[in-house]
Amino acid sequence: MAVSTIYSTQALNSTHFLTSSSSSKQVFLYRRQPQTNRRFNTLITCSQETIVIGLAADSGCGKSTFMRRLTSVFGGAAKPPKGGNPDSNTLISDTTTVICLDDYHSLDRYGRKEQKVTALDPRANDFDLMYEQVKALKSGVAVEKPIYNHVTGLLDAPELIQPPKILVIEGLHPMFDERVRDLLDFSIYLDISNEVKFAWKIQRDMAERGHSLESIKASIEARKPDFDAFIDPQKQYADAVIEVLPTQLIPDDNEGKVLRVRLIMKEGVKYFSPVYLFDEGSTISWIPCGRKLTCSYPGIKFNYEPDSYFDHEVSVLEMDGQFDRLDELIYVESHLSNLSTKFYGEVTQQMLKHADFPGSNNGTGLFQTIVGLKIRDLYEQLIANKATARAEAAKA
Amino acid sequence: MTTIGASGLSVATPRVVVLPAVRVSAPVRLNYPWKLGSMNRMVVVKATSEGGISDKVEKSIQEAKETCADDPVSGECVAAWDEVEELSAAASHARDKKKAGGSDPLEEYCNDNPETDECRTYDN
């Protein structure tokens, strides 16, 4: 942390003046009393702490459901920057700014066609620029970030991004580059299994004129080698992985409507305490439906256990099935521990607020909301910690 | 937007370099600030209509099928299907945006400008 020295100037006539030191963003308020020659210095620190969250997801940028849930937990709806490029991928709310990592493509669509690389390939991305800009934003400096226009496939003129309280970088490669990885305060990987991915893409693309089952399948298969080589290995670095798998409650289900979602939480991450069921570190399988709660087919099944994931100690919370009614949701919430909610029923309230979002009735919505609350908790702890550290440094 | 402009943009992407010796809280500017203006002139920034994207998706699928007919594992084939995926995602986002936002123009206007006379609400 930079230390600024205080200079005394004799020649000025005014009794009050402000000197700002741009290096540490501190303002020294000087009041000079001509009679007594005693100087009173008041230190006002207005530095902003920015935390950086990384989200690795294949689904696209900024407009995804996860982002909307996350920004909703922090408060305020995230919207594209006003008056700027209408095809901008950035979302801005009061506390949060979401940056799409596609903006750091070094090759636009035509460049990639020429070089015969996919967007998943690291050769198509400028990691140096990504690192410099994320570092600048983290230290409170605004940046001119390029815009990758998904519609035209070209790189548009840059837009100005102010450093926010919470910066979320979403895209294919948030944890690929080691330097960027070190800047992240928390990282999440959204791991969709192949069957579920296929089912979702069918739902998304069958409305499009040119698509057929074969073309959707071909598209997924063609991208798979690059995906497995470059994107998938980022799983091991994530602090939380949300795995979406087909359900085990319905035999031979291939509709992909009922999902089994696993929240894999790394142990030992600073400021992050995993959610648990019944007791930490134990293994428990729980079916909430029974006498107190009647659920419709196929019901709900929870699982919690400690495990090992890529040589890390993790805790895994798993939900299979769907919520039908409000009271199922609140019943489940009351039995989960360490949710970092500020009041009873906050998870349920957040889920209801966005009942129209996909995944609101299953584990995807539930775990995304929980991760949002965990990040809010992490942010508050980090701020409190930095404040006490600064207070102690000022005293010393 | 011609391809000359496109290649100009992709090659001369503004690199933001924060010099460690200079600590500024102002936005980090390009080394050639006059070029920023010229880039703005070269780029026509407007949102493309939804029909346009659907056509693009269809065209890209055709192209991908043709490219892959020759050699299914070549780089061209993979890049072509990646383009299909990107365009499909963009089309689906455009559809969602249209569904979500296009209903009430007054509501949209009031979301952006709550202090205007038409949009004031009195709760007590």
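So you know, we letter chains A, B, ... as the sequences are listed, proteins then strands, and number each from 1. Values below: all heavy atoms of this structure, side chains included; hydrogens, waters and symmetry mates excluded.
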Chemist: For chain B, find which of A:Lys135, A:Glu114, A:Arg223 contributes the most heavy-atom pairs closer than 4.5 angstrom.
Modeler: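 Among the listed options, the one with the most contacts to chain B is A:Arg223.
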
Chemist: Backbone N or O of A:Val151 within a donor-acceptor pair of the B:Lys56 side chain at under 3.5 Å?
Modeler: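 Indeed, once roles are kept as given, a pair shorter than 3.5 Å links the two residues.
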
Chemist: Could you measure the distance from the CG atom of A:Asp87 to the NE2 atom of B:His93? Nearest 0.5 Å is fine.
Modeler: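 Result: 12.5 Å between the selected atoms.
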
Chemist: To the nearest 0.5 Å, what is the distance between OG on B:Ser92 and CD on A:Gln203?
Modeler: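 Taking OG in B:Ser92 and CD in A:Gln203, the distance rounds to 11.0 Å.
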
Chemist: Might you point out which heavy atoms bring B:Ala79 and A:Arg112 nearest each other, and give the distance in Å?
Modeler: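 Scanning both residues, the minimum pair turns out to be CB-O, 4.3 Å.
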
Chemist: Quick one: do A:Lys201 and B:Glu85 make a salt bridge, cutoff under 4.0 Å?
Modeler: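 Salt bridge flag = yes for B:Glu85 with A:Lys201.
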
Chemist: Give a yes or no on this: more than 12 heavy atoms of other residues, nucleotides or ligands lie within 6.0 Å of atom NZ of A:Lys353.
Modeler: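 Yes, NZ of A:Lys353 has more than 12 neighbouring heavy atoms, counting only those of other groups under 6.0 Å.
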
Chemist: Within this structure, what is the CD1-CG distance for the pair B:Ile61 and A:Asp205, rounded to the nearest 0.5 Å?
Modeler: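 Those atoms lie 7.5 Å apart.
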
Chemist: Name the region of B:Glu83, side chain, backbone, both or neither, that has any atom closer than 4.5 Å to a heavy atom of chain A.
Modeler: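 For B:Glu83, the side chain is the part near chain A, not the backbone.
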
Chemist: Can you measure from OG (B:Ser54) to NE2 (A:His211) and round to the nearest 0.5 angstrom?
Modeler: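 Answer for the OG-NE2 pair, B:Ser54 versus A:His211, is 10.0 Å.
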
Chemist: Can you find a heavy atom in the side chain of B:Leu87 that is under 4.5 Å from one in the side chain of A:Arg109?
Modeler: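 Heavy-atom side-chain distance check passes, below 4.5 Å.
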
Chemist: Can you find a heavy atom in the side chain of B:Val78 that is under 4.5 Å from one in the side chain of A:Lys116?
Modeler: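 When only atoms from C-beta onward are counted, A:Lys116 and B:Val78 do not touch, as no gap falls below 4.5 Å.
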
Chemist: Can you tell which of A:Ala218, A:Ser212, A:Pro225, A:Ala119 has the highest number of heavy-atom pairs within less than 4.5 Å of chain B?
Modeler: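 The option with the most such pairs is A:Ala218.
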
Chemist: At their closest point, which heavy atom of B:Lys65 faces which heavy atom of A:Ser215, and how far apart are they?
Modeler: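 Minimum heavy-atom separation between B:Lys65 and A:Ser215: CE-CB, 4.4 Å.
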
Chemist: What part of A:Tyr104 gets within 4.5 angstrom of chain B, counting heavy atoms only: side chain, backbone, both, or neither?
Modeler: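 Neither part.
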
